[in-house]
Amino acid sequence: MNVKVFYGPDNAFKEFIEETTFVTMNDIMLQVIEIDRSFTIRSEGSEYEPKEFFYETIVCHRQEYSSMSINSINNIMLILKNVKFNTLYFQNPPNNIIEVIRRNFVVDFIYYDYGKIGVQSLIEFKRLFRDRLIGQEKALNVLLPVLNIPKVRSSQKPIVIMFYGPPGVGKTETAKLISQAIYGSDKIKRFQLSMFQTDQAYRFLFGSKPQEDSLAKSLMSRETNVILLDEFDKVHPNLYSAFYELFDEGQIVDGNYTAKADNSIFICTSNYLTTSEIEKNVGGAIFSRITECIKFEPLNENEKLKIMTTEFKRSFESLALDDKEKLSHLEEEMLLELSSDIDEYVNTRDIKNTVDMYLSYKLLKELRVL
Ligand SMILES: Nc1ncnc2c1ncn2[C@@H]1O[C@H](COP(=O)(O)OP(=O)(O)OP(=O)(O)O)[C@@H](O)[C@H]1O
Ligand SMILES: [Mg+2]
């Protein structure tokens with residue numbers, strides 16, 4: 001009987017399973033009542049021979065732990081003692097399952113390989129960054145060598161980067177571009193750390209029940225190794241210790257799960273304007289674990305103007321053909337009018353919203369709805 005424990009995202013797990021037909025652990029759970037009854041009968045010393053359960057392949061997907069009660073998770077071993085199988089797969093199981101299966105089987109552990117950033121991805125990142133972001137060349141020049149660190153150091157330690165600066169200047173966008181360049185997908189693993197109350201945050205960071213979401217649990221199924229800890233400065237200072245081992249060793253063990261984050265790129269963001277403000281707020285212990293703080297500059301008038309022109313052209317081009325025709329004689333005039341108020345726009349989000357609102361208004365005017 002082979003037991004294989006796989007750590008990684010759903011798609012990769014699907015590919016990893018060699019067999020095309022299998023039963024899930026949940027299917028087996030549904031038969032648990034029957035198995036339970038046979039236990040009872042056996043323990044009462046009856047002559048009744050319990051039914052033998054045999055399955056070629058059993059698969060336990062990560063979602064299955066969510067629908068199991070704690071009791072049934074603990075009972076998995078009891079169940080496995082009463083079924084026979086050739087291969088049993090677990091995806092991202094909780095620690096207590098690992099403990100029991102290790103005691104009873106020889107277990108293969110397989111970790112999904114997220115890969116390391118290579119020079120080619122750095123070149124791609126630089127191209128994407130220059131193409132999409134205006135006025136952040138200084139940030140790019142610090143970021144490139146920071147992203148290259150895994151190539152020059154022997155350990156698998158994660159890189160921890162703090163992006164800081166005013167809102168709407170490209171911090172989150174940059175995290176997505178890194179993921180896009182390395183993994184071909186902007187699906188970064190994003191944690192919004194400001195949304196928790198303290199007790200919720202505690203349960204999320206340190207783990208409570210195996211069924212509940214936690215930092216470790218969701219890290220296990222991430223698709224990319226770019227992990228965004230948005231508004232990192234909003235974490236309660238007492239809870240920062242949850243990140244120590246993760247940043248130092250690339251591992252987090254909570255009450256239920258153990259997640260590995262070798263070679264990961266953690267991107268923390270905050271709206272502070274100086275590194276001394278960051279240090280004061282997050283405390284020395286976390287601050288010293290940050291590989292590099294990278295400043296995103298506020299945008300000057302010229303840069304805002306460039307962004308506005310790009311945004312305007314993009315929105316204008318995406319109009320339906322007949323709408324575009326109706327407005328085309330106004331194109332230059334609209335751009336001029338929008339530009340005249342450029343100093344009033346605070347950041348890029350502001351610019352985007354204003355452009356869209358303005359175009360929408362002009363269109364309704366042209367259609368005589370307004
Ligand atoms: N420097 C820039 N040049 C061009 N577009 C930008 C720039 N900065 C931001 N944008 C665009 O503005 C939007 C918001 O940017 P983003 O989410 O990166 O802001 P942020 O810096 O993370 O802000 P916050 O601190 O509020 O989270 C994105 O769609 C992004 O593409
Ligand atoms: Mg952001």
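In each ligand, atom 1 is the first atom listed, and ligand 1 is the first ligand listed. Values below: all heavy atoms of this structure, side chains included; hydrogens, waters and symmetry mates excluded.
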A.B. asks: Donor-acceptor pairs are to be reported for all side-chain atoms of residues 226-241 against protein atoms at under 3.5 Å, with residues two or more places apart or in another chain.
C.D. replies:
| from | atom 1 | to | atom 2 | distance (Å) |
| --- | --- | --- | --- | --- |
| Asp230 | OD1 | Thr269 | OG1 | 2.6 |
| Asp230 | OD2 | Arg190 | NE | 3.3 |
| Asp230 | OD2 | Arg190 | NH2 | 2.8 |
| Glu231 | OE1 | Lys234 | NZ | 2.9 |
| Glu231 | OE2 | Gln192 | NE2 | 2.7 |
| Glu231 | OE2 | Ser194 | OG | 3.2 |
| His236 | ND1 | Asn238 | N | 3.1 |
| Tyr240 | OH | Phe232 | O | 2.7 |

A.B. asks: Strictly under 6.0 Å, is that where the ring centroids of Tyr272 and Tyr164 end up?
C.D. replies: no

A.B. asks: Would you mind checking which non-hydrogen protein atom is closest to atom 29 (O) of ligand 1, with the distance to 0.1 Å?
C.D. replies: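 For this ligand atom, the closest protein heavy atom is Lys352 NZ, 2.8 Å.
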
A.B. asks: Ring of Tyr257, cation from Arg62 - is the NZ or CZ under 6.0 Å from the centre and inside 45° of the axis?
C.D. replies: no

A.B. asks: By number and element, which atoms of ligand 1 are closer than 4.0 Å to a non-hydrogen atom of Pro167?
C.D. replies: 23 (O), 24 (P), 25 (O), 26 (O)

A.B. asks: May I ask whether Val169 and Tyr345 are part of the same hydrophobic cluster, defined by side-chain heavy atoms of I, L, V, M, F, W, Y residues being less than 4.5 angstrom apart, directly or through others?
C.D. replies: yes

A.B. asks: Among all the protein's non-hydrogen atoms, which is closest to atom 6 (C) of ligand 1, and how far away is it?
C.D. replies: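 Of every protein heavy atom, Thr348 CG2, 3.4 Å lies nearest to atom 6 (C) of ligand 1.
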
A.B. asks: I'd like to know whether Glu311 forms a salt bridge (charged side-chain N to carboxylate O under 4.0 Å, His left out) with Arg314, so could you lay out the CA-CA distance, the side-chain angles of the two residues, the decisive distance to 0.1 Å, and finally the verdict.
C.D. replies: CA-CA 5 Å; Glu311 284 308 320; Arg314 189 177 295 157; 3.3 Å; yes

A.B. asks: Would you compute the distance between atom CG of Asn86 and atom CZ of Phe22 and round it to the nearest 0.5 angstrom?
C.D. replies: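 Rounded to the nearest 0.5 Å, the CG-CZ separation comes to 15.5 Å.
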
A.B. asks: Taking the six-membered ring for Trp, are Phe247 and Phe266 closer than 6.0 Å centroid to centroid?
C.D. replies: yes

A.B. asks: For atom 23 (O) of ligand 1, grab the closest protein heavy atom and report residue, atom and distance to one decimal in Å.
C.D. replies: Gly168 N, 2.7 Å

A.B. asks: One residue to check: Asn271. Relative to ligand 1, which of side chain, backbone, both or neither has a non-hydrogen atom less than 4.0 Å away?
C.D. replies: side chain

A.B. asks: Of all the non-hydrogen atoms in the protein, which one sits nearest to atom 26 (O) of ligand 1, and at what distance?
C.D. replies: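 Protein heavy atom at minimum distance: Arg349 NH1, 3.0 Å.
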
A.B. asks: Just to confirm my output: which protein heavy-atom neighbour is closest to atom 8 (N) of ligand 1, and how far is it?
C.D. replies: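 Scanning the protein heavy atoms, the shortest distance from atom 8 (N) of ligand 1 goes to Val169 C, 2.8 Å.
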
A.B. asks: Heavy atoms only: which of Met308, Lys171, Arg132 lies closest to atom 25 (O) of ligand 1?
C.D. replies: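 When every heavy atom of Met308, Lys171, Arg132 is considered, Lys171 comes closest to atom 25 (O) of ligand 1.
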
A.B. asks: Within the 4.0 Å heavy-atom shell around Ile307, which atoms of ligand 1 are there?
C.D. replies: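 Heavy-atom distances to Ile307 below 4.0 Å select 2 (C), 3 (N), 4 (C).
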
A.B. asks: Among all protein heavy atoms in this structure, tell me which lies nearest to atom 1 (N) of ligand 1, with the distance rounded to 0.1 Å.
C.D. replies: Ile134 O, 2.7 Å

A.B. asks: State whether Glu301 and Lys304 are salt-bridged, where the test is any N-O pair (Lys NZ or Arg NE/NH1/NH2 against Asp/Glu carboxylate O) under 4.0 Å.
C.D. replies: no

A.B. asks: How about Thr172: does one of its N, O or S atoms come closer than 2.8 Å to the Mg ion (ligand 2)?
C.D. replies: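 Yes - counting backbone and side chain alike, Thr172 has an N, O or S atom under 2.8 Å.
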
A.B. asks: More than 12 non-hydrogen atoms from neighbouring residues, nucleotides or ligands closer than 6.0 Å to OH on Tyr202, yes or no?
C.D. replies: no

A.B. asks: Tell me which part of Leu299 gets within contact of ligand 1: side chain, backbone, both or neither, using heavy atoms under 4.0 Å.
C.D. replies: side chain

A.B. asks: Can you tell which of Gly170, Ala139, Gly165, Gly135 gets a heavy atom nearest to atom 9 (C) of ligand 1?
C.D. replies: Gly170

A.B. asks: Could you check whether Phe109 and Tyr111 have their ring centres less than 6.0 Å apart?
C.D. replies: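 Tyr111 vs Phe109: aromatic centres not under 6.0 Å.
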
A.B. asks: Given Thr269, Leu177, Thr174, Leu133, identify the one with the heavy atom nearest to atom 7 (C) of ligand 1.
C.D. replies: Leu133

A.B. asks: Identify which of Glu303, Glu173, Glu231, Glu311 has a heavy atom lying nearest to atom 30 (C) of ligand 1.
C.D. replies: Glu173

